[in-house]
Every structure is written in structure tokens, then in C-alpha cells.
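Working notes, structure below.
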Amino acid sequence: MTDTSRPGVRDEEILSLEGVSLWLSGREILHDVAFSLRAGELTGLIGSNGAGKTTIFRVILGLETPSAGKVLFAGHPRQRRSKSIGYVPQSIGLDPDVPLRARDLVALGLDGDRFGIPLPSRSRRQLVDEVLEAVDAQGFADARVGKLSGGELQRTLIAHALIAKPRLLLLDEPLASLDIRSEQEVVGLLAKIAKAHAIAVLISAHEMNPLLPVMDRVVYVASGRAASGPTEEVVREDVLSALYGHHVDVLHVHDRILVVAGKDETHHTELERTRTVVPRGLG
Amino acid sequence: MDAVLTSIFEPGFFTSEPVRVAVVVGGAVSLVSAVVGVFTVIRGQSFAGHSLGDLGTTGGAGAFLVGANPLWGFVTFAIIGAGAMELFGARRPRGRDMATGIVLGAGLGIAALFLYLGTTQSNTTGATITILFGSMFVIRASMIPVFALLSVLALAVVALLYRPLLLSAVSQDIASARGVPVRVVGALHLLAMAVAVSLSCVTIGAILSTAVLIGPAAAALRLTKRPGLAIAWAAVIGLAVTWLGILLAYDSYYWPPAGRGWPVSFFVVALILVVYLLADLANGQKARRAGPRAIASDKGPGVVAGRAWPSLPPEPGAE
């Protein structure tokens, strides 16, 4: 067992996917996906709905086993049951009646997988307070989790993941249900966490613009294929056109980047591509 | 003073053997149901909990038919029912309620047959009433060890799974990413629920077992937002309503129609409803005093996230 609590070293490769393909009920969901995540870096996993972002998360978490390729965690094949990977799923559909305060949910991040009833402990409470402070959640630490706003819940879940001292933090569409202010808060917070603790942070999003100011690298996913690297090397017409298999326009408007994939909406193009991939993959 | 006490505790309350057994067994069973019920409510499995009680009807009727102790009938059928629900409802998001419904329907069909055969054979409806509405005063003292053992079993399961159950109530995805075997945890909770419900089938009745499973837990969740306290409140409420119910039932022997006594189960269930309404009222009051946060999911205080991490040197230009 590697010591998961030691602080990461900047630029150390935490996770790498090598030639990962995944077939589920006769469909190729991922095709030859390769990228790596480094300590202290924030990587955006960008793609439209159905492109394969969540599936990539499930592969990293060990909830799906790749049909081909390797997933290496700190240079070794990843094991299931790992505290070294923190995970914040997309929407958790919380029951408002759940008797948990934000601080209880954070404490479950420490030992929620253990059996038995936890004994009250000063050091445990201190640790929870520290992490709550780190995500600026002291103001609602004692509020019922079911009553938190989207941004507050997101920060609580980040603290929940962070308290286990992960080396990799995965967030599935953390900005999806946030207003612009909370969006900026969460993005800024994640960038700080990545740098301060040398954690590799992977954020999935269908819209890359909110992440542009903080994103060190991008993994761009389209119909189960991925291109990765520094943002300016990936989000280019030639690279994305090759990824989509047809011409794609990349427009820079002020500080924003617009990717126009095909004449129609991106979604339509994506769906068509997904359908055509199947017979080719089988043949 | 003495007169007041005598009018509260009618003569013979403390010396009556059936009352003592009812106080011990009824109290313990309600406590177990209330504690297990907290997890049932937060996992959204109230329907499954109710169905296990209804399936107990089948077991109780079957036991009556073959002349066995109804408890064994309740336990057997509730556990079989729980197993069937788990098997049919596996891995489908909305499959769980459907599976529960199917198992419940099948069980009640068999119950109808058993009860019909039972009542026509014995030519009395007493058994049906006992199975459906319980009979706290006719529990034999010799059964106390069995009740105790099953109570401890159900409590041990939820105590062992305390944290994984809470975590998976928040999010199955987070729990399984953390390595919690969510399927096994869910199945074990269902088992604990089956045991708790079978016990309360005997005391409070198969149909009314839902009341002691869900009622105290639901009231407790209105009263506190802390998991440990919620369980403590549920236990206290479960115990209190049962003991008070027993007292009222004993006293009701002197109420009209004189000499008959009202059923305990009626009092317990009525008290649960009263406690729930009071808890809901108290929660509303508290929310109004606490301001907008407790009522609506409003925006938090205007703190900007991303203030420097404690160990992080302050950034030039920040704040």
C-alpha cells in the first residue's frame, strides 16, 4: 500500500489512461482514450452530453473495467476502494429529510465507509473544521444538507472529498446547476486546492469557458474519442476537426472560445457520430 | 395525590403480569422499529417497510393455520419478502417500488387464502383481528428471550452499518466510489427492517407496524438535523408512545363500553400521530425563528469562496 496521506509533488504524474477502450452491450463507448493528470494541475474534461465524460469518470473510479488499455494510478494499476481518489458526482438528489449537517457530511468523507458508530473525537472535529474553512463553508457548517444552495452543497461535497486527503479529485459537471457567481467561486476554489495541496483535479463540463482562466490542460471528448494537452494546443481547428472527423470551427470571441462542430447544433452532430461509430467499430 | 395517581394508574397496573410483559416487550419492539425506521425513512423505503408488515399478515395467518407461534410466521414471511424484493428490484432505479408492489400483491393474495381457511376452520374472527391489529397483552413471558434476541440482532445490524447507510443515503455513487458495497449494505438494512417489522407485527399488528416504523422516525427527523440525535429521539418517542398507549389501554377498561377495554394498538398509533403533528409544529416554529435559511434553500451568506487556504501564503493582490 502506498501512503496516501503524503502531499503530492508538483508535476508528478498521478493518473494516466493508456489506450482505454470500453464496449458496453455491443457499443463502443470509449475508443483509444489516452491522457494523464499531474499533481497541482487542473484539467478540464470537455465534451457535449453523451460524449463519454461520465464513462471516463467511471473507468477512473474503477466502476467500469476497460475492454482494452490501462489505467495507471501513480504509475501502478489502480485498485478499487481507494481513498486517494475523491469524487463529486453530478447531482446527488438529496432527500431534504436526511439528518446530516454540512459538517456531518464532511466527516463521512473521512470514515463513511467504516463499520460501527464513530466515537466523538477532538482531532476528528478539528480536521472537519479545517476542511470546512478551506472551502469557506463555516457559515453553513451547521445547516441541514438538504437545505443548502447549489453552490453551498458543491463546496460541502468538495470538502467531503478533500478530507480524505486524495491525490486526485474528480468532479462531474460541478458547474451544471450553479449561477455565475457560485460558478466562479467553485472554479477559483478548485484551482487553489489543486495548487496548494498538489492534487490533480479533473473537472468535467460541457462548457469550457468558465474553466478557461484556471485550466492547465484540457481533455476534449467527442463521441468516445479524446484529444488532450494544454488548452491552446488542443482547442484548435485542426485538432478538433481530426477528433470529430469533420470540419470544426474554433472561434475566439473576446476571452471566450466557441467550438462550432458542423452546420447544426453540436448535439445533433454528436448523436449522428455516435450512431455511425458502431458499425465501423464492429467491422 | 394518591387519588390522582390511582386515577392515572388504575388498580392492578403494576402487578398485572400481562401488563409487565407488554411494557417490556412492547417497549423494546417499538424502540427497535423506531431506530431502524430512521434509516428506512432516509433511504426512502417506507413503502417497502409497510409491505413487509403486510407480508407479515401472510406469515401470521399461515402460522395460525398450522398452530405455530405467529412470531415465527411473521419473521419467516417478512424475511422471504425482503429477499424477494431485493432479488426482483436489483439494479434498477425505479425497479425497487415495482418489485415491492409485486411481492406485496402476491403475499396478500396468499394471506387472503390463509385467513379464509383459518376463520372457517376455527369459526372465529379472533385470529384475524390479532394478526392485523396486534395483541400486546397476550404475549407469553416465555417469549421474552426470543424478542430480546431478535431486537438485538436488528439493532446490531444498523449500528454496524451506521456510517455506510448514512453515506449511501446521501449518494449511492459516492458510497460505491469509496468502496462501500452498497448492494450488500442495502440488503442487510432490508433484513434488519424485516426483523423489526415482524416483531412489531406481534405487538402492534401487521397492518399497524408501519406506524411504529415510520412515525417516530419521521417525527425525530422534524426535531433534529443531527444523525445521532435523530436516532435517540426516535427511540424515545417509540418507547414513550408505546408505554403511554399501554397505560391508556389498561385504564380504558373502565371507560365506556365498560368492562371491555380499548385496543392498545389504537392508542399507540393515535399517540404517534399526535407526536408527529407536534414535532412538525415545533419544526415550523423553529424555522420561523431561525430565519430564511431553515425554511428555504436560499443563498448562503455572502462569503466569497476561494479565500486563501489556511496553509497557503497570501497571494499578492488577493482580498
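In what follows, chains are A, B, ... by sequence order, proteins preceding strands, each numbered from 1.
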Could you tell me whether [X] and [Y] have a side-chain N and a carboxylate O separated by less than 4.0 Å?
X      : Y      : answer
B:R178 : B:D173 : no
A:K147 : A:E152 : no
B:R183 : B:E86  : yes

Region of [X] in contact with chain B, defined by heavy-atom distances below 4.5 Å:
X      : answer
A:D104 : side chain
A:L170 : neither
A:P96  : neither
A:L157 : side chain

State the CG-CZ distance between B:L165 and A:F115, to the nearest 0.5 angstrom.
-> 10.0 Å

Can you measure from CG (A:L127) to NZ (A:K165) and round to the nearest 0.5 angstrom?
-> 5.0 Å

Proximity of residues 210-228 of chain B to chain A, residues having a non-hydrogen atom under 4.5 angstrom = B:L221, B:R222, B:T224, B:K225, B:R226, B:P227

Determine, stepwise, if the pair B:Y162 / B:I231 fulfils side chain to side chain contact (heavy atoms under 4.5 Å, CB included).
-> CA-CA 11 Å; B:Y162 178 75; B:I231 289 167; 3.6 Å; yes

With sequence neighbours excluded, give me every salt bridge (Lys or Arg N to Asp or Glu O under 4.0 Å) pair touching residues 147-168 of chain B.
-> A:D111-B:R163

So which of A:R124, A:R103, A:Q138 actually passes side-chain hydrogen bond (donor to acceptor under 3.5 Å, both in side chains) with A:D129?
-> A:R103

Tell me, do B:L104 and B:F47 make a side-chain contact under 4.5 Å, heavy atoms counted?
-> yes

Greatest number of non-hydrogen atom pairs under 4.5 angstrom with chain B, of A:D142, A:L153, A:V187, falls to A:D142

Given a strict heavy-atom distance threshold of 4.5 Å, which part of B:A175 is in contact with chain A: side chain, backbone, both, or neither?
-> neither

